[in-house]
Every structure is written in C-alpha cells, then in structure tokens.
Amino acid sequence: MPLTPAELAADAVRCAEAGVAAVHVHPRDDGGVESLDPAVVAAALTAVRAVRPGLPVGVSTGAWIVPDPAARVAAVRAWTVLPDFASVNAHEPGAAEVAAALHERGVMVEAGLWTEAAVDAWRRWPTPTGRLLVECMAEPVEAALADATAILAALADATGILARRADTPAIDAGPPDGCPPVLLHGEGPATWPVFAEAVRRGLHTRIGLEDTLLLPDGSIAADNRTLVQAAQAQLTP
C-alpha cells in the first residue's frame with residue numbers, strides 16, 4: 001500500500017503505464033494519518049507530478065479526515081499546491097461549502113453520491129460539478145448493485161445524465177452535452193460486480209486498493225497496478 005509521497009509517485013507511474021487516465025490519492029502525514037494540511041497535500045501532488053507530468057491527480061476531502069466542515073473549507077483555501085480534482089461526499093455536513101471552496105480555487109469538484117438522498121443534496125449545490133462519483137459499498141453484492149441501479153435512476157430522473165446507450169464502450173463513453181460524466185464504482189465484495197456494471201453501462205469507473213485487495217479470482221492483488229491490469233482485462237471483449 002503506497003503511503004508516502006515517493007511511494008504514491010512510483011505507484012502512479014506504474015498505474016499510468018498500465019493505462020489509467022487519472023489517479024486518486026490520499027495524502028498522509030509523517031505518522032501515516034490522512035491529512036488535508038497544505039504541506040502534506042503539496043508533498044504528495046508535487047511528487048506525483050514530478051515523475052508523471054500531465055497525469056491528473058485528485059484527492060479526497062472526506063469528513064473522516066477533518067470532521068469539522070469549517071476546518072475542511074479552511075484547509076482547501078490554504079492549499080499551496082492544488083489537485084486537479086477533489087471528491088466531496090454530498091451527504092456529509094458542510095459538503096456544499098467544501099465544494100464551493102474547491103471551485104473558487106479552480107479545482108474540479110467530484111460529487112460523491114452514496115445514496116439516493118445524496119442525489120437530492122447534490123442537486124441543491126450552487127457549485128458546478130465536474131464529475132459524479134456514484135459509490136456502492138453495501139453488502140451483500142446484490143444490495144450494492146441495487147444501490148447502483150437506484151442512484152443512477154435518481155440521477156437520470158433528475159438530470160437525464162444517463163440518457164445514453166448501455167452498450168457504449170466505456171473508453172468512448174461521453175456524457176450528454178452540459179452534463180458531468182458519471183463514475184460508478186464499488187467497494188469490498190461488490191468491487192468487481194459494480195465495475196462490470198459500470199462497463200456494461202458505458203460509465204467511467206475506477207479500481208484500486210482503496211476499494212479492494214482482491215483480484216476477480218479472489219486472490220490477493222500485489223499492488224494497484226495488478227488491479228489495473230485485471231480491470232483492463234475486463235474491458236477486452
């Protein structure tokens with residue numbers, strides 16, 4: 001598991017070589033704790049960009065990192081090096097304010113949608129959204145897939161975002177004009193079934209040790225690159 005800036009950078013290179021379009025990282029302080037501190041975020045982003053210029057790099061702003069919403073906003077406003085994008089979970093207290101702070105700084109906002117209710121919360125944001133991150137983490141797998149269907153249906157009802165052919169290849173899929181792209185992914189046992197659903201629907205998706213330690217056959221993945229290679233194999237007819 002890559003933790004330090006140097007490890008994150010080396011891992012980003014390996015994953016980019018395996019074909020990823022962007023990387024999402026969780027900067028950590030010297031004690032290994034996730035942090036939004038400007039120096040910690042800057043160290044991670046600078047390390048990745050030094051070895052892989054041009055690769056988009058995103059971070060999380062989850063409330064588990066900094067529980068106080070005002071402190072999260074203050075952290076974003078204090079960043080000295082900016083990520084290309086940052087995820088904001090719509091159900092968390094202060095999410096709209098964090099999203100607004102990111103937008104003010106010129107950072108693309110990724111709206112994390114875990115539930116149908118989160119879709120309603122996101123719709124009330126005044127801030128433009130660059131991508132919708134539909135995250136399905138329920139167990140058993142059937143529950144996660146049901147959540148995916150329900151959240152995507154709520155999005156379709158609200159915005160028409162998913163008005164596209166389900167058999168469109170993921171690599172070529174694009175959102176309707178004016179709508180942000182949708183990234184669908186799962187976690188734990190649901191990771192690979194939800195990944196397959198994203199591919200089937202022609203949506204963006206992701207893979208990594210944050211979501212699962214296992215390959216599709218149930219064996220333990222050596223690293224993020226191994227997961228990316230397994231994901232690429234799932235895209236091959």
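The model shown is predicted, which means the values in this text are computed figures rather than measured ones. Count residues from 1 along the sequence.
Salt-bridge annotation for R77 and E104: present, with a side-chain N of the basic residue lying under 4.0 Å from a carboxylate O of the acidic one. Using a cut-off of 4.0 Å between Lys/Arg side-chain N and Asp/Glu carboxylate O, R225 and D11 are scored as not salt-bridged.
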Run V33 and R28 through side-chain contact (heavy atoms from CB on, under 4.5 Å) and show every step you take.
CA-CA 5 Å; V33 178; R28 296 171 183 268; 6.0 Å; no
With side-chain contact (heavy atoms from CB on, under 4.5 Å) as the test, would you mind laying out the steps for R105 and V76 before giving the verdict?
CA-CA 8 Å; R105 300 295 315 273; V76 168; 4.1 Å; yes
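Side-chain atoms of Q232 never come within 3.5 Å of backbone atoms of V228 as a donor-acceptor pair (strictly under, hydrogens ignored). Proximity of a side-chain donor or acceptor of T226 to a complementary backbone N or O of A221 within less than 3.5 Å is not detected. Counting only distance, with no hydrogens or angles, the side chain of E92 and the backbone of A63 share a donor-acceptor pair below 3.5 Å. Remark: side-chain polar atoms of W79 are paired, donor with acceptor, to backbone N or O of L36 under 3.5 angstrom. Put simply, the side chain of T191 gets close to the backbone of G188: a donor and an acceptor are under 3.5 Å apart. Of the possible donor and acceptor atoms, one in the side chain of R72 sits under 3.5 Å from a partner among the backbone N and O of V66. Side chain of T149 to main chain of L145: a donor-acceptor pair is present (N/O by atom type, distance under 3.5 Å, no hydrogens or angles). With W192 contributing its side chain and L214 its backbone, the two residues share a donor-acceptor pair below 3.5 Å. For E17 (side chain) and R14 (main-chain N/O), no donor-acceptor pair under 3.5 Å exists by modelled atom type.
Scanning all heavy atoms of the two residues, the minimum distance from V41 to S35 falls at CG2-O, 3.9 Å. Nearest heavy atom pair, residue I220 against residue L215, reads O-CD1, 4.4 Å. For F195 against A231, the heavy-atom pair with the smallest separation is CZ-CB, 3.5 Å. Of all non-hydrogen atoms in S87 and L133, the two that sit nearest each other are CB-CD2, 4.1 Å. Shown here for A138 and A144, the closest heavy-atom pair between the two residues is O-CB, 3.5 Å. Nearest approach of E116 to I151, heavy atoms of both residues: N-CG1, 3.9 Å.
In this structure the side chain of P128 reaches within 4.5 angstrom of the side chain of H103, judged on heavy atoms. Counting heavy atoms from C-beta on, the side chains of V134 and L155 come closer than 4.5 Å. Two residues are said to be in side-chain contact when any heavy atoms from C-beta on lie closer than 4.5 Å; S60 and H24 meet this criterion. For the pair T212/I207, a side-chain contact is recorded, criterion being any heavy-atom separation below 4.5 Å from C-beta on. H185 is not listed as a side-chain neighbour of C136, based on a closest heavy-atom distance of 4.5 Å or more.
Remark: L8 CG to M1 CE distance equals 10.5 Å, nearest 0.5 Å. Once rounded to the nearest 0.5 Å, the distance linking CG of D223 with SG of C15 reads 7.0 Å. Between the CG atom in D84 and the CD atom in E110 there is a gap of 11.0 Å [rounded to 0.5 Å]. Distance check, rounded to the nearest 0.5 Å: CE of M137 to CG of D211 gives 9.0 Å.
Hydrophobic clustering (ILVMFWY, side-chain heavy atoms < 4.5 Å, transitive): F85 and V25 are in distinct clusters. When the side chains of ILVMFWY residues are joined at heavy-atom separations under 4.5 Å, either directly or via intervening members, V98 and V40 end up in two distinct hydrophobic clusters. Residues V81 and V48 fall within the same hydrophobic cluster, defined by Ile, Leu, Val, Met, Phe, Trp and Tyr side chains chained together at heavy-atom separations under 4.5 Å. The hydrophobic cluster containing V20 also contains L235, counting ILVMFWY residues as joined when their side-chain heavy atoms lie under 4.5 angstrom apart, directly or transitively. Criterion: ILVMFWY side-chain heavy atoms under 4.5 Å apart, direct or through other members. Under it, L183 and L209 are not part of a common hydrophobic cluster.
The 12-atom threshold is not exceeded at CG of D30, counting heavy atoms of other residues, nucleotides or ligands nearer than 6.0 Å.
Put simply, the residue from L184, N89, L113, T115 that forms a side-chain contact (heavy atoms from CB on, under 4.5 Å) with E135 is N89.
Using a 3.5 Å distance cut-off with no hydrogens or angles, the side chains of W122 and T129 do pair a donor with an acceptor.
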Enumerate donor-acceptor pairs with a distance under 3.5 Å from any side-chain N or O in residues 52-59 to protein atoms, sequence neighbours excluded.
none

